[in-house]
Amino acid sequence: MFLYTVRRLAALVPIMVVVMLITFTLGYYGPIDPVRAVLGEEWEDEARYAEVKKALGLDRPFVIQFLDYMGAMFGGNWGQSLSSLGGVASDRAVGEGRGAGFSGTSTGVREMVVGRLGITAQLSFWALVFLVTFAILLGVLAAVKQNTAVDYTIVTSSIIASSIPAYVIGPVLLIVFVLKIPVFKTVGGWDGMFSRQAILPAIVLAFGPMLVIVRQTRAGIVEVLGKDFVRTARAKGMPERLVVTRHMLRTAMIPVLTSMGLITSGLLTGSLFVEQIFNIPGIGKLAIQTLLSGDHAVFMGVVLFQSLIIVTVNLLTDLLYGGLDPRVTYN
Amino acid sequence: MTAEANRQHELFAMPEQRSLWQDALEQLMRNRLAIFGVFVAFLLVFVSIFGPWLSPYDYTQQNLFRINEGPSLDHWLGTDGLGRDMLTRILHGARTAFLVGLIVTIGTTVLGVVLGAAGAFLGGWVDATVMRMADITMAFPDILLAAFISVVFREKVLELQLQMQEQYGWTLSESNRVYLDYLVIFGALTLVQWYGKARLVRGQILSLREKEFIEAERALGASNWTIILNHLVPNSLGPLIVSITVGFGGAMLSEASLSFLGVGIQPPGASWGEMISDSLGQWRFSPHLVLMPGIVLAIVVLGFNFLGDGLNDALNPEQRRR
């Protein structure tokens with residue numbers, strides 16, 4: 001197990017290096033010339049152009065620049081935001097009116113990404129709370145009422161809930177719960193984890209990974225419904241509620257945990273749209289903002305960070321699977 | 001022939017031969033949600049072909065005296081912030097969605113089948129390369145990668161087109177450059193979504209190759225091509241068809257997502273995602289502008305998902321999910 005873990009961790013390094021190479025190449029050939037962005041009007045002055053280009057280290061060969069970038073990334077320095085270099089690119093930020101105000105003071109890419117990450121993490125936390133409460137409950141209900149109208153309704157409505165993208169569900173919920181039945185008065189923006197503003201976005205975010213959890217819980221419970229240990233538990237007079245929670249759910253949660261990767265990528269993708277709709281200054285908003293304004297260093301930071309999350313979660317899932325199911329061995 | 005022999009013949013007669021496809025079709029017809037999906041798919045094809053002739057307006061035609069109107073006799077679904085007819089734009093959005101779905105699906109299927117089959121048959125370093133490429137693509141947040149590719153390449157494609165126009169006078173349209181957006185989206189989505197089908201095809205071939213009936217064929221002296229054409233292709237077709245259907249819906253959804261984020265189809269091109277983000281600022285005042293493209297997008301995506309589920313139940317009975 002230990003050797004396996006080490007081997008898997010080692011395999012992550014080349015993958016992350018290639019991911020970095022692809023991201024860097026896209027940024028390198030991207031439409032924004034950092035020198036021009038920094039210089040603004042002045043860029044036509046050739047001497048000045050060459051000077052800034054040299055100062056930014058952009059006159060070096062591609063390979064050297066990439067190795068330098070990679071070394072810095074592994075060393076924890078993710079580069080500088082273009083706006084910090086006195087560029088005009090930041091002025092071009094799309095949706096200024098909505099986006100202004102939370103551009104923050106830090107200009108290092110890592111500080112920017114980590115700073116915004118907290119908000120996305122809080123949002124995802126609430127989404128997970130909704131998911132764990134409702135999706136697992138629905139999954140259990142569907143399994144216990146297997147092949148009845150209740151089961152079909154639950155499964156079909158989960159398919160519907162998860163198929164419809166966040167940028168359709170979000171506006172619909174806004175129109176229903178703000179315009180038609182005014183439950184929420186202020187929406188949009190971020191005012192901490194425990195404000196009312198966080199409720200609607202978290203619910204929208206929870207819709208995406210809903211189907212995975214309902215389906216896996218249902219499948220897990222259906223699998224153990226007729227098993228001997230369940231019959232034994234019933235035979236010794238255990239209340240049905242406890243049979244489900246103590247015996248069935250514990251076994252049935254393994255397939256749910258193994259779809260952690262899907263759930264994580266669902267939350268990451270969802271947060272792109274939810275943060276856009278509700279104007280929440282999380283990591284997804286940061287990505288779109290910097291992509292549109294041409295601040296590629298920051299965007300690349302977000303992409304690499306999300307890639308790291310994805311590969312780590314996938315690795316954890318595999319390891320956890322072995323830890324939870326004693327029948328699985330790695331050699 | 002005696003009566004006795006006849007009776008015997010009837011007794012031991014083979015039951016009526018039914019192919020997998022007949023069974024699957026029957027199973028699919030019994031699934032109401034899948035029928036809904038078939039209906040949605042046909043409607044989408046129809047509208048994307050004949051859309052422009054169904055409406056008296058052009059999808060870029062503005063009327064600044066009649067902006068943000070509600071549904072009326074002139075404009076059945078109202079008008080948007082620039083006074084363009086909503087219905088026309090939604091119809092044209094169907095064309096965008098269908099075109100992206102079609103081209104990206106063809107692209108990912110060709111890439112996936114070729115790479116997956118090459119990996120499975122050639123093995124060794126070819127297989128290793130294909131699988132590492134899939135691992136690397138999977139490691140990316142897919143929407144962000146597609147967004148990055150499309151932003152980077154839009155500029156390049158535009159430059160190329162301008163140069164071609166200067167040198168050879170070659171251009172599709174002087175004023176409307178939406179077709180360049182299409183090209184960029186096709187490329188970006190194909191590059192991000194090919195790996196699912198490659199892994200599927202590779203897995204199918206590898207697992208089928210070990211089956212006893214293939215071994216039996218080989219023992220009977222069948223050539224490689226006979227095995228491929230008579231056994232591998234028909235047996236992997238079912239899962240591939242399901243993956244194609246689901247991928248079709250997925251590609252349309254991705255296009256809408258990219259356009260919603262502002263990196264897909266650019267105005268004045270019509271895309272449901274772009275229409276939603278375009279009107280999102282006015283959700284308090286004209287909610288119908290946000291709702292209509294949203295509802296259409298939701299129905300189409302659901303239709304393809306239901307169709308994919310139905311096909312999966314019909315074609316792959318051994319891995320039915322419920």
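Note that these values count all heavy atoms, side chains included, but never hydrogens, waters or copies made by symmetry. Keep in mind that this is a model prediction, so the values were computed, not measured.
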**Report entry** A:Phe74 CZ: over 12 foreign heavy atoms closer than 6.0 Å
**Finding:**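 It does: A:Phe74 CZ has more than 12 such atoms within range.
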
Query raised in the report: Is there a donor-acceptor contact under 3.5 Å from the side chain of A:Ser162 to the main chain of A:Leu211?
Result: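 A pair under 3.5 Å: yes.
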
Query - Check: A:Thr156 side chain, A:Thr153 main-chain N or O, donor-acceptor pair, under 3.5 Å - result: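 Checked: no pair found.
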
Can you tell which part of [X] gets under 4.5 Å to a heavy atom of chain B, answering side chain, backbone, both or neither?
X        : answer
A:Val311 : side chain
A:Ile288 : side chain
A:Met16  : neither

**Report entry** Check: A:Phe62 ring centre within less than 6.0 Å of A:Phe24 ring centre
**Finding:**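 Yes, the ring centres sit under 6.0 Å apart.
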
Query raised in the report: For B:Phe304, is it the side chain, the backbone, both or neither that has a heavy atom under 4.5 Å from a heavy atom of chain A?
Result: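 Neither; nothing under 4.5 Å.
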
Query - Region of B:Leu261 in contact with chain A, defined by heavy-atom distances below 4.5 Å - result: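 It is both, since atoms from each part get that close.
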
Query - For chain A, the option from B:Phe260, B:Phe148, B:Phe306 that forms the most heavy-atom pairs under 4.5 Å - result: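 Max contact count across the listed options: B:Phe148.
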
Query raised in the report: Which of the residues B:Ala147, B:Ser257, B:Gly249, B:Pro287 is involved in the greatest number of heavy-atom pairs with chain A at under 4.5 angstrom?
Result: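 Of the options given, most contacts go to B:Ser257.
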
Query raised in the report: Can you name the residues that form a side chain to side chain donor-acceptor pair (under 3.5 Å) with B:Ser254, not counting sequence neighbours?
Result: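 For B:Ser254 the side chain to side chain donor-acceptor pair (under 3.5 Å) partners, ignoring immediate neighbours, are B:Gln193.
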
Requested in this report: Report the option among A:Val178, A:Val19, A:Ile169, A:Thr23 that has the most heavy-atom pairs separated by less than 4.5 Å from atoms of chain B.
Outcome: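 Of the candidates given, the most pairs with chain B belong to A:Val19.
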
Query raised in the report: Among A:Ile160, A:Ile309, A:Leu12, A:Thr269, which has the most heavy-atom pairs under 4.5 Å with chain B?
Result: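 The residue among A:Ile160, A:Ile309, A:Leu12, A:Thr269 with the greatest pair count is A:Ile160.
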
Query raised in the report: Charged N to carboxylate O below 4.0 Å: is that the case for A:Arg215 and B:Asp309?
Result: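 The answer is yes: the pair qualifies as a salt bridge.
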
Query raised in the report: Is A:Glu275 paired with A:Arg116 through a side-chain N to carboxylate O contact shorter than 4.0 Å?
Result: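 Here A:Arg116 does not pair with A:Glu275 in a salt bridge, since their nearest N and O are not under 4.0 Å apart.
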
